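Numbers restart at 1 for each chain; the letters A, B, ... are given by sequence-line order, proteins then strands. Because the structure is a prediction, the values reported are computed rather than measured.
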2 protein chains.
Amino acid sequence: MENYQIDNLDKSILHALMDNARTPYAELAKRFAVSAGTIHVRVEKMKQAGIIQGTKVTISAKRLGYDVCCFIGVNLKHARDYPSTIEQLQGFEEVVEAYYTTGNYSIFIKVMARTIDHLQDVLINKIQTIEAIQSTETLISLQNPIAREVIP
Amino acid sequence: MENYQIDNLDKSILHALMDNARTPYAELAKRFAVSAGTIHVRVEKMKQAGIIQGTKVTISAKRLGYDVCCFIGVNLKHARDYPSTIEQLQGFEEVVEAYYTTGNYSIFIKVMARTIDHLQDVLINKIQTIEAIQSTETLISLQNPIAREVIP
DNA sequence: TATGAAAGACCGCTCCC
DNA sequence: GGGAGCGGTCTTTCATA
């Protein structure tokens, strides 16, 4: 779990696996002109170092009927209400991300909803029922032109 | 690619595969008391329906030295500058997500940086050099207590 | 110490019930 | 939807530089 300085080969492997986690090692080996055993060793090292955490399938939220993506800036009445608010937000499945932030808002959340009506329902009947919340500001996402991950 | 109404078994499979895309079908079969063949059929159906898009490894940004996560609300001088701005933002590897939003900002981006100094560098020497940008507002994320995906 | 090659185990895919 | 055999992939081990 110590720090491990990745080299160009590691980086290339990461790129490939971030695109498709099931890329055969043999193919990576061919692509990067090394042996499959080497690929295996590198992947194992990065797993040990905690760089590669696991694999997961990518889901299309749209295909599942979730068309509306929005961000909501939340202001709390008192900063001390932060933990309990997070706990309550966690109970709403539409809240997919939450951040404790400096700046304009206390908490910043990402919400996925099926429709605008659904979003309205989530806002009024879920989020705004939390007592500790003073006010919210909603940013509806119309497009998501960039979506990727950091790669040094 | 048509719409496909998923049932409880599909949902369970999705959950399992979102946690670990390499879970053996035989194990899923045992867990949900069906045969491995059935798991295969369901996964294939969801792939066909476009619900499952692929698999990717999960990377620890922290382990790679990226400790600072922040959101930046961007205001443009003119709405028409949107496409060219996105194009320029795409060129900065630290910009990992971008949204075209209604509300306070024209564009909303997520930035990953190594350190606060690095973030400052990205802001001053990259983002704020874009001519079309009128102003920016930065929200630094101190914690990310909720991070998951929609699952109906 | 890191790489390359080969053998064995495991998994996923396909056919048939 | 369930079960069995084939093919492919991952993993491991050993030899090598």
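- Using a 4.5 Å cut-off on side-chain heavy atoms (C-beta onward), A/Ile52 and B/Thr58 make no contact.
- In this structure, the side-chain hydrogen bond (donor to acceptor under 3.5 Å, both in side chains) partners of B/Asn20, at least two apart in sequence or on a different chain, are A/Thr55.
- A pairwise comparison of heavy atoms in A/Pro145 and B/Ile86 identifies CG-CD1, 3.6 Å as the closest pair.
- Less than 4.0 Å separates DNA chain C from at least one heavy atom of each of the following residues of residues 33-43 of chain B: B/His40.
- The backbone N or O of A/Ala49 sits less than 3.5 Å from a side-chain atom of B/Arg63, completing a donor-acceptor pair.
- Taking all atoms of both residues into account, the shortest heavy-atom contact from B/Cys70 to B/Thr138 is SG-CG2, 3.9 Å.
- Under the 3.5 Å distance criterion, with hydrogens and angles disregarded, a donor-acceptor pair is assigned to the side chains of B/Lys110 and A/Tyr99.
- Of all heavy-atom pairs between A/Ala98 and A/Ile109, the closest is CB-CG2, 3.8 Å.
- Considering only residues two or more places apart in sequence or on other chains, A/Arg42 meets the side-chain contact (heavy atoms from CB on, under 4.5 Å) condition with A/Tyr4, A/Asp7, A/Leu9, A/Asp10, A/Ile13, A/Thr38.
- Residue pairs meeting the salt bridge (Lys or Arg N to Asp or Glu O under 4.0 Å) criterion with at least one partner in residues 133-152 of chain B, sequence neighbours excluded, are A/Lys56-B/Glu149.
- Between the side chains of B/His118 and B/Glu94, at least one donor N or O lies within less than 3.5 Å of an accepting N or O.
- If you walk DNA chain D from 5' to 3' and mark each nucleotide with an atom closer than 4.0 Å to a heavy atom of chain B, the marks span D/dG1 to D/dG2.
- Contacts between residues 6-31 of chain B and DNA chain D, defined by a heavy-atom separation below 4.0 Å, involve no residue at all.
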